[in-house]
Amino acid sequence: MGSLRSTQHECGGGVSHSVSFLLGALLPTVLLFFLASDRVDEQLSTISSFRFGNGSSAHQLTSSHAANLSTDVSDGDQKSHAQEGRLFPGLAELLPKVAMDDGTVIITSVNEAFARPGSLLDLFRGSFHDGEGIAHLLNHTLIVAADPGALALCKAVHPHCYLLQVMAAGVSSANGFLTRSYLELVWSKLTFQHHVLQLGYNYLYTDLDVLWLRNPFRHISIYADMAISTDRFNGGAEDLKNAPNTGFYYVRSTNRTVEMLSRWRAARSRFRPKAHDQEVFEAIKGEFVAGELQIKLVFLDTVLFDGFCEYHGEMDRVCTMHANCCLRLGTKMHDLRNVVADWKKYSSLTPPEKMSSKLRWTYPAKCAATMKIPS
């Protein structure tokens, strides 16, 4: 589906009263449109009402689109953009093949350990096929490989793979939390995502240990600059006291969000050496919302975007299930396989059976034991 575009009209001197009335009536709507949409290419995201399909046309990055990106951007920022472009060869040519009609790309990342047959990559991709009408979203998913081994394994099963060479020892293995290789991986991912925004594309980043069950875009506000999952949701979608989780979040491409990611990356130097991207974001999110950027930040309800941190048993509304609050790959795999088995049982029911079903998710006992999650 094509995105809405803003248009400009020149008004002559002899405008009739009826036309004046119509223009007056339309003005508030037009103003709301522009306030809600400062996308780099002046498109309003229609992310809550996608008409997806395998034949979706690709989002094209035109010269005028790229020119709009430079608006209000300093020479230094443009040089930084060019330098990052050289770090990601071929990305600008790949993104149009992956993007949805409105220029949104789903991004996940994988190393060799997670990409091996029977590991997290298989569970992740399988969830799209087992989910409710979301298999086509794999066509719009870019899998970023952290090492050549992961790239080869990715290409064997998926059409859109990209090598992001992370220069840290041990990056191909199942990295322990806050190890040097883990930290280099998460910050390299943020640099990559920053460049995706600079190229004019929205993205939804998802960790590989997030199973997709229903279409999450239906629950992401078109007015959000950023919508982020939570470890624990307190009931207020814009309450900064929510605990964000950067394992699943959407960012709309605007000049303000490009600057937001630039500041997010730069803020790493203000914190302890082992600070990861989520820790830094948690500390500075208020600066983005209340500061000059005026970022519209929306926190996602764990009833819809579920996870092991704030576990819900209900199966009738959930869109994603995240193995957060869980340590070690084998532990995640065990409890996520239970999620897959539970979902297949639920999916086999007829609509009337689902309404009366008392099926609930199997409690993630092994993950809970690693984090002492309250049951």
Side-chain angles (χ1 to χ4, degrees), residues 38-40 69 72-74 76-78 80-81 83-84 87 107 109 144 164 166 168 177-180 182-199 201-207 210 220-221 223-302 305 307 309-310 322 324-325:
D38 68 338
R39 276 196 47 174
V40 172
L69 182 61
D72 298 328
V73 178
S74 68
D77 289 335
Q78 292 185 48
S80 175
H81 182 187
Q83 289 171 351
E84 290 191 354
L87 290 175
I107 301 174
S109 57
V144 180
L164 174 63
V166 179
F177 187 60
L178 295 184
T179 60
R180 179 174 177 270
Y182 169 87
L183 291 169
E184 288 308 309
L185 188 59
V186 297
W187 286 106
S188 295
K189 289 187 297 185
L190 196 63
T191 302
F192 178 87
Q193 293 156 13
H194 187 200
H195 192 57
V196 170
L197 290 183
Q198 289 175 321
L199 289 172
Y201 293 87
N202 317 314
Y203 70 83
L204 194 162
Y205 175 77
T206 171
D207 275 348
V210 177
I220 296 177
S221 169
Y223 300 108
D225 291 311
M226 181 178 188
I228 188 166
S229 64
T230 54
D231 284 339
R232 291 172 181 81
F233 183 72
N234 66 12
E238 297 182 32
D239 189 342
L240 291 176
K241 293 180 182 178
N242 283 299
N245 187 301
T246 54
F248 187 95
Y249 69 99
Y250 164 82
V251 182
R252 185 164 56 101
S253 180
T254 71
N255 287 328
R256 291 179 298 107
T257 56
V258 168
E259 178 62 20
M260 177 184 73
L261 258 74
S262 179
R263 297 183 186 187
W264 184 359
R265 292 171 55 200
R268 181 184 185 184
S269 63
R270 292 159 47 186
F271 294 83
R272 63 191 182 94
K274 285 195 172 185
H276 52 86
D277 61 332
Q278 181 173 306
E279 178 183 343
V280 173
F281 181 81
E282 163 67 20
I284 66 174
K285 62 183 187 291
E287 298 174 18
F288 299 145
V289 174
E292 61 182 338
L293 294 180
Q294 293 292 299
I295 295 297
K296 176 75 169 178
L297 177 62
V298 174
F299 296 93
L300 299 173
D301 192 339
T302 52
F305 299 88
C309 289
E310 188 172 68
H322 190 182
N324 51 6
C325 289

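What you see below is based on every heavy atom in this structure, not just the backbone, and it leaves out hydrogens, waters and symmetry mates.
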Output the distance between atom CD (Gln198) and atom OG (Ser262), rounded to the nearest 0.5 Å.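 So the gap between those two atoms works out to 8.0 Å.
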
How long is the gap from OG on Ser229 to OH on Tyr250, to the nearest 0.5 Å?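 Answer rounded to 0.5 Å: 15.5 Å.
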
Can Thr257 and Thr254 be counted as having a side-chain donor-acceptor contact under 3.5 angstrom?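 Thr257 vs Thr254: donor-acceptor pair found between side chains.
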
Could you pull out all residues at least two apart from Phe248 that satisfy ring-ring contact (aromatic ring centres under 6.0 Å, His included)?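 For Phe248 the ring-ring contact (aromatic ring centres under 6.0 Å, His included) partners, ignoring immediate neighbours, are Trp212, Phe305.
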
Tell me every residue that passes ring-ring contact (aromatic ring centres under 6.0 Å, His included) with Phe233, counting only those two or more places apart in sequence or in another chain.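 With neighbours one apart ignored, the set is empty.
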
Provide the closest heavy-atom pair for [X] versus [Y] in the form atom of the first, atom of the second, distance.
X: Lys189; Y: Ser109; answer: CD-OG, 2.9 Å
X: Leu240; Y: Gly286; answer: CD1-CA, 3.9 Å
X: Cys325; Y: Arg232; answer: SG-NH2, 4.4 Å
X: Tyr203; Y: Tyr205; answer: CD1-N, 3.7 Å

Student check: side-chain heavy atoms of [X] and [Y] closer than 4.5 Å:
X: Tyr249; Y: Leu204; value: no
X: Gln294; Y: Val289; value: no
X: Val298; Y: Ile228; value: no
X: Leu261; Y: Gln193; value: yes
X: Phe281; Y: Phe288; value: yes
X: Pro244; Y: Phe299; value: yes

Tell me, please, which residues at least two apart from Ala267 pass side-chain contact (heavy atoms from CB on, under 4.5 Å).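 Result, side-chain contact (heavy atoms from CB on, under 4.5 Å) vs Ala267: Arg270, Phe271, Val280, Ile284.
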
List in chain and number order the residues that pass side-chain contact (heavy atoms from CB on, under 4.5 Å) with Gln278, two or more places apart in sequence or in another chain; answer none if no residue qualifies.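 With neighbours one apart ignored, the set is Asp231, Asn245, Thr246, His276.
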
For [Y], does its backbone N or O pair with a side-chain atom of [X] as donor and acceptor, under 3.5 Å?
X: Trp187; Y: Arg268; answer: no
X: Arg256; Y: Leu293; answer: yes
X: Ser253; Y: Leu197; answer: yes
X: Asp277; Y: Val186; answer: no
X: Asp225; Y: Lys296; answer: yes
X: Thr230; Y: Asn242; answer: no

Option among Arg265, His194, Met226, Glu287 that satisfies the side-chain contact (heavy atoms from CB on, under 4.5 Å) test with Met260: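 The option that passes is Met226.
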
Among all residues two or more places apart in sequence or in another chain, which pass the side chain to side chain donor-acceptor pair (under 3.5 Å) test with [X]?
X: Glu292; result: Arg263
X: Asp239; result: Asn234
X: Thr302; result: Glu310, His312

